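Not measured: the values here are computed from a predicted model. Lettering of chains follows the sequences in order, A, B, ..., and the numbering in each one begins at 1.
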There are 2 protein chains.
Amino acid sequence: MTESLQIQLKKGVLEMCVLALLSKGDNYAYDIASRMAEAVGMGEGTIYPLMRRMQNDGLVSTYLQESGSGPPRKYYKLTKSGANALKSQVSEWLVFETAVRKILGDVT
Amino acid sequence: MTESLQIQLKKGVLEMCVLALLSKGDNYAYDIASRMAEAVGMGEGTIYPLMRRMQNDGLVSTYLQESGSGPPRKYYKLTKSGANALKSQVSEWLVFETAVRKILGDVT
DNA sequence: AGAAGTACCTTGCACGGCAAGGTACCGTGT
DNA sequence: ACACGGTACCTTGCCGTGCAAGGTACTTCT
C-alpha cells in the first residue's frame, strides 16, 4: 500500500495536472506551461524536461503542426498508458488529499 | 501573488502537516514520524532534518524530557511564529488544492 | 548476556523545479 | 529594410528535499 507512487505524489502533482489537461485535448508545451503557470505558479523551464520525461515513459506521443505565429508547435497527445497513468494518479491524489485533510483536521 | 510560497507548496506539505500536529500538542520527532509515515508514507530519515530546519526558522522550540523507555525525548513546541506559519500555509494549501481540483475537473 | 524496542541523528544519493539564458520564426511599426 | 516584441522551442546549472541505510545509546524482557 505504501507504494513509491504514494511517496512521489508531491512531485507527481504536476505530471498529473498535465495529463489531465491533455485528456481534454491535444496541446503544446508552451500553452500548457502558461495555464499551469497561472494555476499553480509553474515556471516555463519546468515543462520541457517534464514533457520529455513523460514521452520517454510512453505517456504521451507528439506530432508537429504549423502555427503561423512562430515556430511549428509540438503537440502532445495522451497515449493509452498515459490515460491509465492519469486514472491511477488521480486516485492516489485523492488518497493523499484526504490524508492531509485528516491531519489538518479542525485546524482548517 | 505568485509568491514563492505557492511554488514551495509541494515541499511545504510535510512541514505544514507537522505544524498541524504540533498545534494539537507538543510532540517528539519519533512519534511525529510514525504518524506521518502511516498517513502519507514519510520516511523516518526525513523528519530530523525537517525539524532542525523548522527550529532554525524559529517555528518550533524544544525541551528534553525523560521517557523511561529509551533515551530522553526531545519535545517540540509550536512558537507563535510557527502558529502563524501554519495558518498561512493552510490557506496556501487550500488555494493549491482548489487549483488542482479545477484542473482535474470532471476527470475526477 | 542477548535481543528487541524506543528514540535520537548523519551521510550520500537522486530527482525535480526553477531562473536564466539561448535559438528561431513571425507580424507590425517606422 | 530593419528592429522589436511576441510566440514557441530548448538547455544548463543550482539548490532543496525526501529517502534509504547506517549508526548510537538507553531500557526492558527473556
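- For A:I47 and D:dC10, the CD1 to P distance is 11 Å, given to the nearest whole Å.
- With contacts defined as side-chain heavy-atom distances shorter than 4.5 Å, the pair B:I47/B:V18 qualifies.
- No option in B:Y28, B:Y75, B:Y76 other than B:Y75 meets the ring-ring contact (aromatic ring centres under 6.0 Å, His included) test with B:Y63.
- Taken from CG in A:L104 to CG in B:L94, the straight-line distance is 7.5 Å, to the nearest 0.5 Å.
- Across its full length, the helix from C:dA1-D:dT30 to C:dT30-D:dA1 shows an angle of 0° between the axes of its 5 terminal pairs at either end, rounded to 10 degrees.
- The nearest heavy atom of DNA chain C to A:E15 and to B:E44 marks one nucleotide each, and the one closer to the 5' end goes with B:E44.
- For the OP1/OP2 pair of D:dA8 and a distance below 4.0 Å, the side-chain nitrogens and oxygens of A:Y28 include at least one atom meeting the criterion.
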Requested in this report: Summarise how protein sits on nucleotides 25-30 of chain D as a single string, 5' to 3': B when a protein heavy atom is under 4.0 Å from the base, S for sugar-phosphate-only contact, - for no contact.
Outcome: BBSS--
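- With respect to B:R53 and B:E15, no salt bridge is recorded, no charged nitrogen being found less than 4.0 Å from a carboxylate O.
- Checked by atom type and distance alone, the side chain of B:T62 never pairs as donor or acceptor with a backbone atom of B:K74 at under 3.5 Å.
- If you find the closest nucleotide of DNA chain C to A:P49 and to B:Y30, the one lying nearer the 5' end belongs to B:Y30.
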Throw together a table of side-chain donor-acceptor distances under 3.5 angstrom for residues 35-45 of chain B, partners on residues two or more places apart or in other chains.
from  : atom 1 : to    : atom 2 : distance (Å)
B:R35 : NE     : B:D31 : OD2    : 2.8
B:R35 : NH2    : B:D31 : OD2    : 3.4

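- Note: CG (B:N56) to P (D:dG16) measures 13 Å, nearest angstrom.
- Residue A:R53 places its side chain closer to C:dG16 than to any other of C:dC18, D:dT11, C:dG16.
- Using a 4.5 Å heavy-atom threshold, the side chains of B:F96 and B:V13 count as separate.
- Nearest approach of B:L22 to B:N27, heavy atoms of both residues: CD2-N, 3.7 Å.
- When distances are taken from the side chain of A:Y48 to each of D:dG18, D:dA8, C:dT6, the shortest belongs to D:dA8.
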